[in-house]
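Written out below as structure tokens is the structure these notes cover.
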Amino acid sequence: LCNLTLDGSVVQSNFEADNGSVTNRTLSGLTHGQHYWNVTCWDNATNINTSPTNSFFVDLIEPSIVLVKPINNTWRRENITFQYNASDTGVGVANCSLIINGSVNATNTSIIEGVNNITVRLDDGYYLWSINCTDLVGNENGSLEKRVVKVDGTGPVTTLDRPLSYENITGSYYQVNATAVDYGNGSISMVFFEYRENNTASWKGICNKTTEPYNCSWNITGFNGNQS
């Protein structure tokens, strides 16, 4: 007969074990954490022996996930790096997946302590994202937070209306004007007007505008020759 001892207490007693064969016993309701066990057996002549004590870890807690970047409701171009922190109080995190609009988009199987990255390319649009992680024994969890990322990979198209190319202008001030259209998912936040004195010179600022109409007064006092 044998007794099974767990964490210093006998949890199953006086069960039979066949000589020279493997005997299986099942325990339920174990708590999260490290446990220690051994078996004590005796024969009909009351000879008794106790096995070495072994240990095992019960992992009942799912991973914890904290989203890092991008922050909620921010704009990004089409190649986006999603950052998150994944941790586990048990045996460790096996993998984490990027969830885009409710579906798995990409999976990272090389999880480290600290910030992890998943980089994907997304078309223009609005996306709801979160992270799901699974530990090495199958406990799964999703981030409590879900964030929106806005993707715009299409740049604005601008047309310089005034002055026209090679137009002669005179006076001390001249009103420059441009048309700007954004065919992507975003909107125009600012239009910059610049000029340079020749093809090799550095660009210099005239003004910037955040709202239509996109125009401003350019001080051309003292200019002589071509400007571009």
Item to check | Under-4.0 Å salt bridge between Glu167 and Arg162 | outcome: no
Checklist entry - Are Glu145 and Arg147 ion-paired here, with the side-chain N under 4.0 Å from a carboxylate O? => result yes
Check whether any side-chain heavy atom of [X] sits under 4.5 Å from a side-chain heavy atom of [Y], and report yes or no.
X      : Y      : answer
Leu27  : Leu6   : yes
Val10  : Leu4   : no
Thr109 : Thr107 : yes
Pro163 : Val176 : yes
Val39  : Thr50  : no
Val191 : Thr158 : no
Gln12  : Arg25  : yes
Tyr173 : Ile220 : no

Checklist entry - Do Ile118 and Val68 share a hydrophobic cluster (ILVMFWY, side-chain heavy atoms under 4.5 Å, transitive)? => result no
Checklist entry - If you group Ile, Leu, Val, Met, Phe, Trp and Tyr by side-chain heavy-atom gaps below 4.5 Å, do Ile80 and Ile99 land in one group? => result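 No, Ile80 does not connect to Ile99 through the hydrophobic network.
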State whether the number of non-hydrogen atoms from other residues, nucleotides or ligands found under 6.0 Å of [X] atom [atom1] is greater than 12.
X      : atom1 : answer
Ile48  : CD1   : yes
Glu113 : CD    : no
Arg77  : CZ    : no
Leu164 : CG    : yes
Lys69  : NZ    : no
Asp123 : CG    : no

Can you tell me how far [atom2] of [Y] sits from [atom1] of [X], rounded to the nearest 0.5 angstrom?
X      : Y      : atom1 : atom2 : result
Cys2   : Trp42  : SG    : CH2   : 7.0 Å
Asn79  : Arg121 : CG    : CZ    : 5.0 Å
Lys204 : Tyr195 : NZ    : OH    : 4.5 Å
Ile111 : Asn116 : CD1   : CG    : 4.5 Å
Asn177 : Lys209 : CG    : NZ    : 9.0 Å
Asn215 : Phe193 : CG    : CZ    : 6.5 Å

Checklist entry - Can Thr210 and Ser189 be said to form a side chain to side chain contact (heavy atoms under 4.5 Å, CB included), step by step? => result CA-CA 6 Å; Thr210 58; Ser189 59; over 6 Å; no
Considering all heavy atoms of both residues, which atom of [X] and which atom of [Y] are nearest to each other, and what is their separation?
X      : Y      : result
Leu60  : Thr31  : CD1-C, 4.0 Å
Asp135 : Pro63  : N-CG, 3.7 Å
Asn132 : Ser143 : OD1-N, 4.3 Å
Ile65  : Asn141 : CD1-O, 3.4 Å
Ser130 : Lys146 : CB-CG, 3.8 Å
Asn38  : Ser51  : CB-OG, 3.4 Å

Donor-acceptor pair, side chain of [X] and main chain of [Y], under 3.5 angstrom:
X      : Y      : result
Thr74  : Ile71  : yes
Asn14  : Asn3   : no
Asn101 : Leu128 : yes
Asn49  : Cys41  : no
Asp7   : Tyr36  : yes

Checklist entry - Between Tyr214 and Ile188, does a side chain to side chain contact (heavy atoms under 4.5 Å, CB included) hold up when you go through it step by step? => result CA-CA 11 Å; Tyr214 301 120; Ile188 296 172; 3.8 Å; yes
What I want to check is whether the side chains of [X] and [Y] have a donor and an acceptor closer together than 3.5 Å.
X      : Y      : result
Asp88  : Ser64  : no
Asn108 : Tyr84  : yes
Gln175 : Ser217 : no
Thr179 : Asp161 : yes

Checklist entry - Going through the distances and angles, do Tyr127 and Val148 end up as a side chain to side chain contact (heavy atoms under 4.5 Å, CB included)? => result CA-CA 5 Å; Tyr127 298 92; Val148 173; over 6 Å; no
Checklist entry - Under the side chain to side chain contact (heavy atoms under 4.5 Å, CB included) criterion, do Trp37 and Thr53 qualify, and how do the steps go? => result CA-CA 5 Å; Trp37 70 286; Thr53 298; over 6 Å; no
Checklist entry - Can we call the ring centroids of Trp129 and Phe82 under 6.0 Å apart? => result yes
Checklist entry - Taking the six-membered ring for Trp, are Phe57 and His32 parallel (under 30°), tilted (30 to 60°) or perpendicular (over 60°)? => result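 Perpendicular, since the angle between the ring planes exceeds 60°.
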